[in-house]
Amino acid sequence: MIHLSSRVTSGVLALILLLTHSAVASEQAAPPEAIEKCSRSSDYDIYLSGIHTGTMSRKESWQGKAAVVTSKSEASILGIGTQYQQRAELSWSDETNEWLTEKFHQKVTGFRARDMQATFSNNGRESRVDVDGDVENYRSGDIPLRDVDTLAIQIRHYLLQGRSQFALIRQASDAIERYQLYVRESLTMNVAPWGELSLIPVEQTGAEDVTYYFAPALDYQLIKARYHGIIFQGLIELNRYSSSCGEEPAQG
């Protein structure tokens, strides 16, 4: 019975970490020359199989062709808690016309504790990852390696371009994870406190199966993300959003 509880707890908290730092999407994908100095803040609730398990907050600070994204979450399942913090720096590449991660620092305390720092080079095709002092190097021949925040920003950029499908790669702590994403037809949903909104679903397959829902009326803000697990179903939902940024046109 203790062994079973341990396995369940491990799976639940791994799911929370996934939702916390892979399902939060950004709101900024405009041409770099149109970005003023501004910031955006979002707060989310985290649920597991319908049970509220934690919260997440996220802030983007933009200036010119670069941004710093900070995120933090806290969750507790079966008496075991975990806290997550990340600071990522990203910038626009005039050479490849896409958003690239420069570096990020991630700290997890509680369950699955780690201190992870990563730096990227060669237009995101190479990375150096330090996890608790153990260093590994990774390489991608075709698609840039990105942290989860930059990956989410690139998703929005592709949405604004009108892309219907695309591939992305996430730099994880001990591997690189490939995803294929498909944009589905818009649907209408009642979302508190904003009321009825048109949402664009984006389905992710690969290392993890997740469906993201973006709201064009809210700066293409991520409204919710649903994790499709075999045993557990995870969900994050936006409950507060503020922005000092103006509206920016899409870059084709």
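Only a predicted model underlies this, so the values are computations on that prediction, with no experimental measurement involved.
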Got a donor-acceptor contact below 3.5 angstrom from the Arg156 side chain to the Asp219 backbone? yes

In Å and rounded to the nearest 0.5 Å, what is the CG to CG distance from Leu238 to Leu222? 7.5 Å

List the residues meeting side-chain contact (heavy atoms from CB on, under 4.5 Å) with Glu237, not counting sequence neighbours, and say none if there are none. Tyr47, Lys224, Leu235

Would you please indicate yes or no on a ring centroid separation below 6.0 angstrom for Phe214 and Tyr220? no

Ignoring hydrogens and angles, state whether a donor on the side chain of Asn137 or Glu126 is under 3.5 Å from an acceptor on the partner side chain. no

Flag yes if more than 12 heavy atoms outside Arg240 fall under 6.0 Å of its CZ atom; otherwise flag no. yes

Tell me whether Ser243 contacts the main-chain N or O of Cys245 through its side chain, where contact means a donor paired with an acceptor under 3.5 Å. yes

How about Ser57 and Asp43: does a side-chain donor come under 3.5 Å of a side-chain acceptor? no

Would you say that Leu100 contacts Asn123 through its side chain, given a criterion of any heavy-atom pair below 4.5 Å between the two side chains? yes

Keeping Arg58 on the side-chain end and Lys72 on the backbone end, is there a donor-acceptor pair under 3.5 Å? no

In plain terms, say whether Arg125 and Glu98 are close enough for a salt bridge, that is, a side-chain N and a carboxylate O under 4.0 Å apart. yes

Would Gln171 and Ser127 count as having a side-chain donor-acceptor pair, cut-off 3.5 Å? yes

Gln83-Thr109 side chain donor-acceptor pair, cut-off 3.5 Å: yes

Applying the side chain to side chain contact (heavy atoms under 4.5 Å, CB included) test to Gln221, which of Trp194, Tyr213, Tyr241 qualifies? Tyr241

What I want to find out is whether Asp142 reaches Arg178 closely enough, with some N-O distance under 4.0 Å, to be called a salt bridge. yes

Would you confirm whether the ring centroid of Trp99 sits within less than 6.0 angstrom of the ring centroid of Trp62? yes

Side chains of Glu177 and Tyr179: do they bring a donor and an acceptor to under 3.5 Å? yes

Quick one: does any side-chain atom of Thr101 pair with a main-chain N or O of Asp147 as donor and acceptor, under 3.5 Å? yes

